Amino acid sequence: MKKDTYILGIESSCDETSMSIVKNGRDVISLVISSQIDIHKLYGGVVPEIASRNHVLALNSVFEETLAKAKMTMDDIDAIAVTYGAGLLGALIVGVNFAKGLAFAFGKPLVKVNHIEGHIAANYISHKSLEPPFACLIVSGGHTALVKMEDYTTRRLYGSTTDDAVGEAFDKVARELGLEYPGGPNIQREAEKGRANKRFVVKPHEKFKDFNFSYSGLKTAVINYLHNAKQRGEQICVPDICASFQAEAVEQLVQKSMHLLETEELNQIVISGGVSANKFLRTEMDKAALKIGARVYYPDLILCTDNAAMIASAGYFNFKAQKGIVDPTELKAEAQVAL
Ligand code: KG4
Ligand code: ZN
């Protein structure tokens with residue numbers, strides 16, 4: 001009988017300290033997420049130094065809880081997978097050093113995982129029969145990109161943002177509107193009460209030219225609109241602004257995704273990263289995909305934002321392919337990693 005493989009995943013690239021044990025890349029045995037959102041809310045965004053310190057404080061208890069919830073010890077673990085980049089360098093170093101220590105102390109193989117690879121792999125957990133090849137739209141606080149997964153460990157990049165990431169635009173617009181960090185869920189909530197009755201980027205994004213995205217123009221246009229309205233003493237309707245911004249932000253994502261499916265003759269697309277939790281994005285993407293006979297996959301909501309189960313899953317597929325296995329004494333955290 002084939003032996004099951006258990007991977008311990010570790011994630012600390014931003015403001016979530018998380019560990020998880022995942023069986024065969026698909027089944028979550030335990031998942032613990034210690035979020036620092038309430039701390040960073042006070043500052044309107046993630047403060048890197050505070051994030052690193054809180055990862056240090058949380059790691060030991062998150063580790064113990066992850067093993068306890070799974071009723072396992074390190075003897076049951078086949079390999080350790082850790083996010084080594086991209087992310088906040090100080091925050092990454094905390095998780096990477098913890099993983100190196102564990103790998104060394106318990107004599108376990110160490111697998112390095114690209115955070116984005118993790119976001120994509122979240123879908124293998126949520127959809128047990130999902131297999132490459134598929135198109136993938138990555139939409140997070142740090143990335144906006146379209147890739148094709150050729151197989152479990154080979155990606156081909158088609159396009160990415162030329163400036164801001166879509167999640168970053170949600171967060172900045174939210175901050176300008178006085179909505180709490182993280183802005184995405186709050187914009188979504190306000191937008192549900194409003195109407196998309198404005199266009200902020202006068203010339204709509206040129207359709208189908210390439211697969212790259214741009215969000216700085218839209219973000220700046222909203223911020224300028226708000227400043228001008230304030231100077232003129234005009235009342236603004238927050239729900240309408242949120243609905244208009246959200247509609248314009250999502251339009252690019254849907255158009256370019258459908259364009260990739262059609263040009264590459266793919267019939268499935270996976271949406272990954274924090275913004276994949278957005279309900280309006282899901283509705284619009286489903287409508288567009290239906291028209292061309294494609295299927296869209298989203299992670300379960302808990303797996304959309306940062307978590308270690310997705311890191312363990314990506315680690316499993318790399319481990320099986322003998323990729324990304326590193327010497328614990330040599331692994332370094334990296335703030336920037338190529339997609
Ligand atoms: O993937 P993630 O947890 O962290 C990064 O790797 O960046 O993504 C966080 C981003 C934030 O910008 C947050 O505002 C956005 O995901 N987000 C959303 C929603 N939930 C989270 N954006 C729009 N709608 C949502 N419901
Ligand atoms: Zn992320």
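As the structure is a computational prediction, the values presented were derived from the model and not from experiment. Counting convention: from 1, in listed order, for ligands and their atoms alike. For the single chain, residues carry numbers from 1 onward in sequence order.
Which parts of ligand 1 touch H115 is read off a 4.0 Å heavy-atom cut-off, strictly below it: atoms 6 (O). Of all the atoms in ligand 1, the ones that sit under 4.0 Å from a non-hydrogen atom of G167 are 12 (O). Of all atoms in ligand 1, listed by their number and element, those nearer than 4.0 Å to a heavy atom of G142 are 7 (O). Annotation for ligand 1: atoms under 4.0 Å from non-hydrogen atoms of T305 are 3 (O). In summary, the atoms of ligand 1 found under 4.0 Å from a heavy atom of G141, numbered by their order in the structure, are 5 (C), 7 (O), 8 (O), 9 (C), 10 (C), 12 (O). Near D171, meaning under 4.0 Å from any of its heavy atoms, are these atoms of ligand 1: 11 (C), 12 (O), 13 (C), 14 (O).
Of the protein's non-hydrogen atoms, the one nearest atom 2 (P) of ligand 1 is D306 OD1, 3.4 Å. Of all protein heavy atoms, the one lying nearest to atom 18 (C) of ligand 1 is G184 CA, 3.6 Å. For atom 26 (N) of ligand 1, the nearest non-hydrogen atom of the protein is Q188 OE1, 2.9 Å.
In this structure, the ring of F317 has its center less than 6.0 angstrom from the ring center of Y124.
Polar contact check, F170 against ligand 1: no nitrogen or oxygen pair lies under 3.5 Å apart. Where the criterion is an N or O separation shorter than 3.5 Å, residue side chain and backbone included, N278 meets it with respect to ligand 1. The shortest N or O to N or O distance between E168 and ligand 1 is not under 3.5 Å.
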Decide salt bridge (charged side-chain N to carboxylate O under 4.0 Å, His left out) for K279 and E192; before the verdict, give the C-alpha distance in whole Å, the side-chain angles of both, and the deciding distance to 0.1 Å. CA-CA 10 Å; K279 279 193 212 157; E192 279 164 10; 3.6 Å; yes
Between K172 and E176, is a salt bridge (charged side-chain N to carboxylate O under 4.0 Å, His left out) present by the stated rule, with each step listed? CA-CA 6 Å; K172 297 259 168 69; E176 208 62 33; over 6 Å; no
Steps toward salt bridge (charged side-chain N to carboxylate O under 4.0 Å, His left out) verdict (D240, K193): CA-CA 8 Å; D240 286 356; K193 297 181 272 178; over 6 Å; no
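For the residue pair T154 and D151, a side-chain donor N or O sits within less than 3.5 Å of a side-chain acceptor on the partner. A donor-acceptor contact closer than 3.5 angstrom links the side chains of T5 and K320.
Among the backbone and side-chain atoms of H115, an N/O/S atom is found under 2.8 Å from the Zn ion (ligand 2). Among the backbone and side-chain atoms of H119, an N, O or S atom lies under 2.8 Å from the Zn ion (ligand 2).
The structure places CD1 of I125 at 8.0 Å from CG of L31, a figure rounded to the nearest 0.5 Å.
The nearest non-hydrogen atom to atom 1 (O) of ligand 1, considering only K279, M310, H119, comes from H119. Distances from atom 15 (C) of ligand 1 to the heavy atoms of I187, V166, V275, V46 put V275 nearest. When G274, G45, C304 are ranked by how near their heavy atoms come to atom 21 (C) of ligand 1, first place goes to G274.
Just one of Y297, F134, Y298 meets the ring pair (Phe, Tyr, Trp, His ring centres under 6.0 Å) condition when paired with H127; it is Y297.
Side-chain contact check for R155 versus K148: every heavy-atom pair is 4.5 Å or farther apart.
Below 30°, between 30° and 60°, or above 60°: for F213 and Y215 the angle between ring planes is below 30°, a parallel geometry.
Remark: K256 is not positioned above the aromatic ring of F211, lacking an NZ or CZ atom under 6.0 angstrom from the ring centre and at most 45 degrees off the axis.
The closest approach of D306 to the Zn ion (ligand 2), by N/O/S atoms, is made by OD1.
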